Amino acid sequence: MKLGKGFFSRNAKEVARDLLGEVLVRKIGNKILRAKIVETEAYFGSEDPASRAVQNGDLRKTMLMEPGTILVYGVHNNWLINFVTSNEGKAEAVLIRSLEPLNFEAKTNGPGLLTKALRIGKDFHKKNICETSNLWVEENFGFDETKKGSLEIAEAFRIGVKKDLSKKLRFYIKGNKFVSRK
DNA sequence: CATATGATGGACT
DNA sequence: GTCCATCATATGG
């Protein structure tokens, strides 16, 4: 079962944490690639100096769109995939940083690597994860806090950002070997 | 059009 | 840990 918009229409920090353990599914032709989300980061709007929503471009506009909107943005020759969260009009998003491949082999332990492995590019930009037929998040834990409790989740400061907030906005599954670490 | 910047990755010490 | 290739994006002229 796919995760719906209700899942994404919450605070980015909550969504980032709850996305851990869920399964990202990518359909390419007749192949289905499934990968577990093991590392995420939350980004906010004007109050977040690391977020690109502090600038007044297309990225900010996209972050203001409805929950579940896919935001693909390029940096240093890589595509990074985000899901817009919270309600329409509030600039929040969750960056997918790392995946654990479940039925295929590929390097997915980094935000730029996983988009290459899943062949995610700008063509997904501004589409909605709840409505696309070749990319979605499969419910594994969903809103079930009890099941979610079986996961060991670690919090940390975000990676690679120039000016981070003094909050821990990076979440990953403790001990998972596919987590990118530096 | 010109230029600055960076939410990276890989090679190397 | 350091260095750097490389390009999407924002902004200024």
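Lettering follows sequence order; numbering is per chain, from 1. Source: prediction; values computed, not measured.
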> May I ask you to say what A/Asp58 touches in the nucleic acid, namely base, sugar-phosphate or nothing, with a heavy-atom cut-off under 4.0 Å?
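Sugar-phosphate only.
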> Answer yes or no: is there an ion pair linking A/Glu41 with A/Arg97, defined by an N-O contact shorter than 4.0 Å?
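A/Arg97 and A/Glu41: salt-bridged.
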> To the nearest Å, give me how far apart CG (A/Asn78) and C1' (B/dT5) are.
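It is 15 Å, rounded to the nearest whole Å.
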> From NZ of A/Lys61 over to P of C/dT9, roughly how many Å is that when rounded to an integer?
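Going from A/Lys61 (NZ) to C/dT9 (P), I get 12 Å.
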> Expressed in angstrom and rounded to an integer, what is the separation of A/Ile159 atom CD1 from B/dG9 atom C1'?
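Nearest whole value for this atom pair: 13 Å.
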> When the distance from NZ of A/Lys162 to C1' of C/dA10 is rounded to whole Å, what number comes out?
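From A/Lys162 NZ to C/dA10 C1': 16 Å.
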> Can you tell me which nucleotide in B/dG6, C/dC7, B/dA7 comes closest to the side chain of A/His76?
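Nucleotide nearest to A/His76's side chain: B/dG6.
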> Write down the atom of A/Val84, the atom of A/Thr62, and the distance for their closest heavy-atom approach.
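Distance-wise, the nearest heavy atoms are CG2-O, 3.5 Å.
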> A/Gln55 CD to B/dT3 P: how many Å, rounded?
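Taking atom P of B/dT3 as the reference, CD of A/Gln55 is at 20 Å.
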> Just how far, in rounded Å, is P of B/dG6 from CD of A/Glu41?
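Taking atom P of B/dG6 as the reference, CD of A/Glu41 is at 16 Å.
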> Give none if C/dT6 has no partner; otherwise give the nucleotide forming a Watson-Crick or G-U wobble pair with it, both distances under 3.5 Å.
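Because no pair has both required distances under 3.5 Å, C/dT6 counts as unpaired.
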> Reckon A/Val161 touches a base, only the sugar-phosphate, or nothing at all at heavy-atom distances under 4.0 Å?
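Here A/Val161 touches the backbone only, sparing every base.
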> Less than 5.5 Å between centroids and less than 30° between ring planes, does A/Tyr43 satisfy that with B/dA7?
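Stack criterion met.
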> Specify the separation, in whole Å, of atom CZ of A/Arg158 and atom P of B/dG6.
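Checked: the CZ to P distance equals 14 Å.
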> Starting from the C-alpha separation in whole Å, work towards a yes-or-no answer on side chain to side chain donor-acceptor pair (under 3.5 Å) for A/Thr108 and A/Glu100.
CA-CA 7 Å; A/Thr108 52; A/Glu100 173 182 344; over 6 Å; no
> Need the pair for B/dA7. Rule: Watson-Crick or G-U wobble, both distances under 3.5 Å, any strand; none if unpaired.
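The answer is none; no pair meets the criterion.
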> Using whole Å, report how far CG of A/Asn82 lies from P of C/dT9.
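Spelled out: CG on A/Asn82 to P on C/dT9 is 12 Å.
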> Any side-chain N or O of A/Lys107 under 4.0 Å from OP1/OP2 of B/dG9?
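A/Lys107 to B/dG9 OP1/OP2: no side-chain N or O under 4.0 Å.
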> Linking I/L/V/M/F/W/Y whenever any side-chain heavy atoms sit under 4.5 Å apart, do A/Trp136 and A/Phe7 land together?
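No, no single cluster joins them.
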> For A/Phe124, is the NZ or CZ atom of A/Arg119 found under 6.0 angstrom from the centre of its six-membered ring and inside 45 degrees of the ring axis?
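Pair A/Arg119/A/Phe124 does not count as cation-pi.
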> Among B/dG10, C/dT11, B/dA7, which nucleotide sits nearest the side chain of A/Leu113?
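The answer is B/dG10.
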> Counting only side-chain heavy atoms from C-beta out, which of C/dA8, C/dA10, C/dT6 sits nearest to A/Asn77?
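That would be C/dT6.
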> Which nucleotide wins on minimum distance to the side chain of A/Arg52, given the candidates C/dT11, B/dG9, C/dT9?
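Closest of the options to the side chain of A/Arg52: C/dT9.
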